[in-house]
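Just so it is clear, the values below take in all heavy atoms, side chains as well, and ignore hydrogens, waters and symmetry mates. Both ligands and their constituent atoms are indexed starting at 1 by order of listing.
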Amino acid sequence: MSENSNIAERFTKVLTPNYRAPAIAIIRGEGCKLYDAEGREYLDMMGGIATVVLGHCHPRIVSALENQAHLLWHTSNLFASTPQIELAEILVARSFADRVFFANSGAEANEAALKLARLYHREHGRDRYEIIAFEGGFHGRTLFTVSATGTPAYWKGFEPMVPGVHHAPFGDAEAVRALCSERTAAIIIEPIQGESGVRPAPAGFLAELREIADENGCLLIVDEVQTGMGRTGTFFAHEPSGVTPDIVTVAKALGNGIPIGAMLTREKVAKVLGPGTHGSTFGGNPLAAACAKAVMDELFSGGILESSREVGLFLGAQLEAMQERLSEDKVVDVRGIGHLRAVELPVPAAPIIDRCRERGLLVIGAGERNIRLAPPLVIRPEEVEAGIEILEEAIRAD
Ligand SMILES: Cc1ncc(COP(=O)(O)O)c(C=O)c1O
């Protein structure tokens, strides 16, 4: 039995079966390259699901991790920790926000956002608890965030869902208006729906939601867990819209793979989150915060955010050129911005993703018929070309 199969067999014996049996075990990573248990090299164009924004084992993050590992790992949030404060200071300086709550994942950051939206109104004497989310949206797997997730398949077996969550068609402002009432606490939206197929919100939609939220008196939460941290060419994907949200959530790329999430908000909203109202044992602990601070430093002072823009455009152009070379019965659409892209197929994506892997390229699905590309921002143009060549071969072979 091969080493990969051997590890996969052990995986299936002891881990809960919610993750499909993996075809390979990844042992090592460097930049945009990964190596499996048999030493085979892969080009990573999925970045640990839009997470490894600076590539694997980036020296600056490794060094931040090592330094902090010798200093202090964890004390709980009963004590102040300087890495956490420094990280929050950078996030505040680089965004609309005045305050940051740290969590360990995207779901936890969103859970905090949704709970805060309810608390905000309750503290002002308003019985607003309803949430308007979108069909096709994805916000996590805790009960509140999966309730906000707009794909009923994720709810199955976990009902009853958190009450008061409504889903509008993505991009339909009139439907949102119709769902808004004196019970609405917040609207939550991904600027680009990642999991359901890399679907950008229509132009002007975020601005319309801001207007609706202001008219109604509810909050606007923008979930940037997948799209934030420079993935679409700006620090947050919503920035080009000119809209200022009330709450923004990030996770995934914030730690480049170290588990950390954050909820960013304005003073006016944050102040209702008084002592004891919410919390987390690990959220923003020194080890995770030191790594995330190094990620922020590399993005901004290291110049990655700017230098990656051109490669993001190149990736889009390469995908469009591939679409032109292939007929419509092979590729239905290519979509996305920067380093978050999808190729929509007329057939299920899974067999093509498997073929890519067999040819040394790692990509991921998004919905049944999309191949999603979310490579590290540090991917080089020649790696993009090599990846698209494999992708095209794998699509043609179908
Ligand atoms: C937009 C969005 N929100 C929330 C989440 C949940 O994040 P996590 O898996 O870290 O809980 C995800 C994960 O894919 C996501 O894409």
Side-chain angles (χ1 to χ4, degrees), residues 16 18-20 46-53 101-117 131-151 153-155 158 162 165 167 170 186-201 205-206 209 220-232 235-238 245 247-264 280 282-284 288 291-292 295 335-342 363-367 370-375:
T16 53
N18 51 314
Y19 302 113
R20 264 178 220 99
M46 56 174 278
I49 320 186
T51 293
V52 185
V53 78
F101 168 80
F102 287 112
N104 308 289
S105 65
E108 283 182 48
N110 283 331
E111 183 78 21
L114 295 167
K115 282 179 71 183
L116 175 57
I131 302 293
I132 299 175
F134 292 92
E135 291 168 9
F138 185 87
H139 302 292
R141 302 285 199 151
T142 63
L143 195 59
F144 206 164
T145 58
V146 82
S147 300
T149 290
T151 304
Y154 291 117
W155 309 337
F158 300 113
V162 170
V165 181
H167 295 91
F170 190 52
I187 301 169
I188 183 166
I189 182 165
E190 292 167 86
I192 303 170
Q193 289 190 335
E195 293 301 304
S196 67
V198 188
R199 298 177 194 284
F205 189 53
L206 286 180
L209 293 184
L220 178 62
I221 303 170
V222 177
D223 177 347
E224 295 259 12
V225 167
Q226 185 151 164
T227 51
M229 305 296 296
R231 181 151 297 283
T232 64
F235 182 47
F236 291 128
H238 74 262
I247 303 176
V248 166
T249 53
V250 282
K252 288 190 180 281
L254 179 58
N256 201 49
I258 289 286
I260 183 166
M263 177 194 71
L264 285 67
S280 161
F282 293 123
C291 291
V295 174
R335 283 187 300 274
I337 305 172
H339 287 66
L340 183 59
R341 306 274 176 177
V363 288
I364 185 183
N370 299 286
I371 293 177
R372 183 172 20 154
L373 304 168

**Study point:** Within reach of ligand 1, part of A251 (heavy-atom separation under 4.0 Å)
**Key:** neither
Study note, to complete from the structure: Quick look: T227 vs ligand 1, heavy-atom contacts under 4.0 Å, and the answer is neither
Study note, to complete from the structure: Value for CD1 (I188) from NE2 (H167), rounded to nearest 0.5 Å, stands at 9.5 Å
Study note, to complete from the structure: For T142 and E111, the nearest pair of non-hydrogen atoms, with its separation, is OG1-OE1, 2.5 Å
Check your understanding: Which atoms of ligand 1 have any heavy atom of E190 under 4.0 Å away?
Key -> 1 (C)
Check your understanding: For ligand 1, which part of R141 has a heavy atom less than 4.0 Å away: the side chain, the backbone, both, or neither?
Key -> neither
Study note, to complete from the structure: Taking only non-hydrogen atoms of N110 and a 4.0 Å limit, the atoms of ligand 1 in range are 3 (N), 4 (C)
Point to revise | Subset of ligand 1 atoms that lie under 4.0 Å from at least one heavy atom of F138 | key: 1 (C), 2 (C), 3 (N), 5 (C), 6 (C), 12 (C), 13 (C), 14 (O), 15 (C)
Exercise for review: Check E195 against ligand 1 and report side chain, backbone, both or neither, counting heavy atoms closer than 4.0 Å.
Suggested key: side chain
**Study point:** Pairwise distance CZ(F236) to CE(M229) - rounded to 0.5 angstrom
**Key:** 8.0 Å
Review point. Under the 4.0 Å line, does any protein heavy atom show up next to atom 9 (O) of ligand 1?
Key: no
Revision key, fill the gap. Quick note on ligand 1: atoms under 4.0 Å from a heavy atom of A107 include exactly 6 (C), 7 (O), 8 (P), 11 (O)
Revision key, fill the gap. Atom 7 (O) of ligand 1: closest protein heavy atom, distance to 0.1 Å, is G106 CA, 3.3 Å
Review point. For ligand 1, which atoms sit closer than 4.0 Å to a heavy atom of V225?
Key: 2 (C), 3 (N), 4 (C), 5 (C), 7 (O), 12 (C), 15 (C)
Check your understanding: Between I192 and P200, what is the shortest heavy-atom contact and its length?
Key -> CG2-N, 3.8 Å
Review point. Do any heavy atoms of E108 fall under 4.0 Å from ligand 1?
Key: no
Point to revise | Per-atom contacts of ligand 1 with S105, taking only distances under 4.0 Å to non-hydrogen atoms | key: 10 (O), 11 (O)
Point to revise | Part of H139 within contact of ligand 1 (heavy atoms, under 4.0 Å) | key: backbone
Check your understanding: Does R341 reach the main-chain N or O of L373 with its side chain, forming a donor-acceptor pair under 3.5 Å?
Key -> no
Point to revise | Closest approach of any protein heavy atom to atom 3 (N) of ligand 1, naming residue and atom | key: D223 OD2, 2.8 Å
Point to revise | Gap separating the CG atom of N370 from the CD atom of E195, nearest 0.5 angstrom | key: 11.0 Å
Review point. If you look at every heavy atom in K252 and A50, which pair is closest and at what distance?
Key: CB-O, 3.6 Å
Check your understanding: When you check the gap from the basic side-chain N to the acidic O, do E224 and R231 get nearer than 4.0 Å?
Key -> no
Study note, to complete from the structure: the protein heavy atom lying closest to atom 16 (O) of ligand 1 turns out to be Q226 NE2, 2.7 Å
Exercise for review: Count the heavy atoms belonging to other residues, nucleotides or ligands that lie under 6.0 Å from OH of Y154, then report whether that count exceeds 12.
Suggested key: yes
Point to revise | Separation between OG1 of T249 and CG of L114, rounded to the nearest 0.5 Å | key: 8.5 Å
